[in-house]
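What you see is a predicted model; the values in this text were computed from it and never measured. Letters A, B, ... are given to chains in the order of the sequence lines, protein chains preceding strands, and every chain is numbered from 1.
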Amino acid sequence: MTGRFWLFKTDPEDFSLDDLKKSAAQTTGWSGVRNYQARNFLRDEIKTGDEVFFYHSSSDSPSVVAVCEIVKEGYADETQFIKTDLHFDPKAKPENPVWFQVDIKLIKELDNPVSLQKMKENKKLKDLLLLKRGNRLSVMPINENERNEILLMSES
DNA sequence: GCCAACGTTGGC
DNA sequence: GCCAACGTTGGC
């Protein structure tokens, strides 16, 4: 069974690959996403077994650094209900959640991180959503060819 | 630290 | 429904 492919951005100051490695079962809930387009992917389209590239933004060399897998698909993001949480949303009610999350598990750290710069230089990735001007989506789909190309780049 | 690009908010 | 103001993202 082959699922779809996704790329999740994270600011390593908030949650890094090292944090994921230290997590129980190397699994973490991807909570805190507060963008409607990303929310729709998390709620409706991302399925258990789908593959995810784990991307560090806002670092010295923004890069894809690992491959993960969805181990639990869309469910209500608890942080929206917690008043003291940074991601609290007063509009959200437990019977009518606004924000959703999935759980991801680390599968493999890439042998060589694939930097944003290298992806920009690769003509085969010219349509990669990540490279579109001003793209701020933190959860985005990528296609199989792009996924294969990025994996290939990580091998050398 | 800067700033362009973008999403959201709120007045009208 | 428009759009200016504002806050945030994220590359550099």
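Listed nucleotides: B/dG7, C/dG10, B/dT9. Nearest to the side chain of A/Lys91: B/dT9.
Remark: A/Glu109 engages A/Lys21 in a salt bridge, criterion side-chain N to carboxylate O under 4.0 Å. Between A/Asp77 and A/Arg34, at least one side-chain N (NZ, or NE/NH1/NH2) sits under 4.0 Å from a carboxylate O, which counts as a salt bridge.
For CD of A/Glu45, the number of neighbouring non-hydrogen atoms (other residues, nucleotides, ligands) closer than 6.0 Å is greater than 12. Within a 6.0 Å sphere centred on CD of A/Glu155, heavy atoms belonging to other residues, nucleotides or ligands number more than 12.
Look at CD on A/Gln37: it is 16 Å from P on C/dT9, rounded to the nearest Å. If you measure from atom CG of A/Leu131 to atom C1' of B/dA5, you get 16 Å, rounded to the nearest angstrom. One atom, CZ of A/Arg133, and another, C1' of C/dG10, lie 15 Å apart when rounded to the nearest Å. With rounding to whole Å, A/Asp14 atom CG is found 13 Å from C/dT8 atom P. Regarding A/Leu116, its CG atom lies at a distance of 12 Å from the P atom of C/dG10, rounded to whole Å. Rounded to an integer number of Å, the gap from CD of A/Gln117 to C1' of C/dC12 is 11 Å. Taking atom NE2 on A/His56 and atom P on C/dT9, their separation rounds to 16 Å, with Å as the unit. Taking atom OH of A/Tyr36 as the reference point, atom P of B/dT8 lies 7 Å away to the nearest angstrom.
Under 4.0 angstrom from either OP1 or OP2 of C/dT9 there lies no side-chain N or O belonging to A/Tyr55. One finds no side-chain N or O of A/Lys9 lying less than 4.0 angstrom from the OP1 or OP2 phosphate oxygen of C/dT9.
Among the protein residues, A/Lys132 comes within range of no part of the nucleic acid, since none of its heavy atoms lies under 4.0 Å from any strand.
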